[in-house]
There are 2 protein chains.
Amino acid sequence: MTDDPRWLSTHELQAWMRLEAVAELLPAALDQQLQRDADLSHYEYLVLAKLSEAPERTLRMSGLAASTNATLPRLSHVASRLEARGYLTRVRSEDDRRATLATLTEEGWRKVVATAPTHVAEVRRLVVDRLTPEQVEHLDAIALAVLGALDPENRLEAQNPVVSPDDACGNAAG
Amino acid sequence: MTDDPRWLSTHELQAWMRLEAVAELLPAALDQQLQRDADLSHYEYLVLAKLSEAPERTLRMSGLAASTNATLPRLSHVASRLEARGYLTRVRSEDDRRATLATLTEEGWRKVVATAPTHVAEVRRLVVDRLTPEQVEHLDAIALAVLGALDPENRLEAQNPVVSPDDACGNAAG
DNA sequence: CTATGTTGGTTGTAGCGACAACACATGCCG
DNA sequence: CGGCATGTGTTGTCGCTACAACCAACATAG
């Protein structure tokens, strides 16, 4: 327990303050775009997106909560609203009658398909298109390193990318 | 208005998903550390820290709200709580009797001094110490680029670094 | 010196997320 | 089969933030 602060250098401090600002502003910006264009919160969109990528478009509540970094009560509330809006349905599992399976409805699927393009466009506008290809590589490595501390269990990481990994080039960035 | 999604490449998608995870987890992690060690929310700490750096340890509410990226109502509520806890005081400005000046109390100052070291240690543990010096430079440039879209007015950026800029090296990163 | 518009802050109201308490199913042990 | 610990979701309660309404102080015009 040394009380020695080991203060940050000028460069470290500046990089940190900027990262802090990004971490503060980015979620709000994404939320705003989705709210405006799709009447969905960022988290609601995430739930629908995860379901859309899952086999049978179905996931257990507990698994869905873990992969979206939410507590089970939070997911339960959100799922209630999304169910009321017709985007998903919940049924008891027959294998384990404690579990609840959430399934994306056809309408929910259409909602995701309609929402994704503008969301991706926003991601490009705010981040990807502002960076050089080298910076994208750097960002990937940096974020991976930071996630080593933030998410050691790797619960949020890369369950299954939407695109097939076949076209990945040989660059071993990680 | 092309509906062409311009989907993300494999590398772009991976870097984006990781950044998204960081932006999701980092604020929560900071909040948790401060709540645990200092019984302060991240935003409360930010308010106290900004005041501690200001001349006379005093700022106008409107300026404080802008520099902490908060709405005025939010700051007003938070200031009420912090005032009740003895960390700051609010007085009407004599120059402009519409304005309210928030001043850090001696107790508030001691709170910041006591809290900052562990907070910096957490920042090191989660981010800075996990990156090479080159990666810190990369992160700085990347975050700066992204902030160009997120915060074009530059309201959150570098009002006045805590350390004097004298020891800044000649590297023109911006 | 009033009348009007603008700026600066505070106080209600509504919605969302965290935490705790609760209900229900399962597994295990005797 | 009965009983308790564990796993899985749902339902209350509280605190915080956004938004809107409101109040007070300045600024300017006539």
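Residue numbering restarts at 1 for every chain, and letters A, B, ... go by the order of the sequence lines. These values consider heavy atoms only, across backbone and side chains, with no hydrogens, waters or symmetry-generated copies.
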Checklist entry - Do B:His42 and A:Glu20 have side-chain N/O donor and acceptor atoms under 3.5 Å apart? => result yes
Item to check | Out of C:dG12, D:dT10, D:dG9, whichever nucleotide has its closest atom nearest the side chain of A:Pro73 | outcome: D:dT10
Item to check | Protein-nucleotide distance (B:Glu83, atom CD; C:dG9, atom C1'), rounded to Å | outcome: 13 Å
Checklist entry - Run the salt bridge (Lys or Arg N to Asp or Glu O under 4.0 Å) check on A:Arg85 and A:Asp39 step by step: do they pass? => result CA-CA 11 Å; A:Arg85 291 170 68 177; A:Asp39 196 30; 3.5 Å; yes
Checklist outcome for this item: note: B:Leu72, atom CG; D:dA24, atom P; distance rounded to Å ~ 17 Å
Checklist entry - Could you state the interatomic distance from OH (A:Tyr45) to CD (A:Gln35), rounded to the nearest 0.5 Å? => result 14.5 Å
Item to check | Rounded distance in Å - CZ (B:Arg90) to P (C:dG9) | outcome: 11 Å
Item to check | Gap between atoms CG and P, on A:Asp95 and D:dG7 respectively (whole Å) | outcome: 19 Å
Next on the checklist: Rounded to whole Å, how long is the line connecting atom CE of A:Met61 with atom P of C:dA23?
Outcome noted: 19 Å
Checklist outcome for this item: Of A:Arg98 and B:Arg98, the one whose nearest nucleotide on DNA chain C sits closer to the 5' end is B:Arg98
Checklist entry - Does the side chain of B:Arg97 get closer than 4.0 angstrom to OP1 or OP2 of D:dA24 through an N or O atom? => result no
Item to check | Under-4.0 Å salt bridge between A:Glu122 and A:Arg125 | outcome: yes
Next on the checklist: Could you check whether any side-chain heavy atom of B:Tyr87 comes within less than 4.5 Å of a side-chain heavy atom of B:Leu40, counting everything from C-beta outward?
Outcome noted: yes
Next on the checklist: By nearest heavy atom, map A:Thr71 and B:Ser76 onto DNA chain C; which one lands nearer the 5' end?
Outcome noted: B:Ser76
Next on the checklist: Using whole Å, what does the distance between atom C1' of nucleotide C:dG9 and atom CG of B:Leu59 come to?
Outcome noted: 16 Å
Checklist entry - A:Asp96 CG to C:dC24 P: how many Å, rounded? => result 16 Å
Checklist entry - Any side-chain N or O of B:Arg92 less than 4.0 Å from the OP1 or OP2 oxygen of D:dC26? => result no
Checklist outcome for this item: Per atom distances to the A:Arg74 side chain, the nearest of C:dT10, C:dG17, D:dC16 is C:dG17
Next on the checklist: What's the closest nucleotide to the side chain of A:Ser62 if the choices are D:dG9, D:dA25, C:dG17?
Outcome noted: D:dG9
Checklist entry - With respect to the side chain of A:His77, which nucleotide from C:dC16, C:dT11, D:dT11 is positioned closest? => result D:dT11
Checklist entry - In whole angstroms, how far is the P atom of D:dG15 from the OH atom of B:Tyr43? => result 20 Å
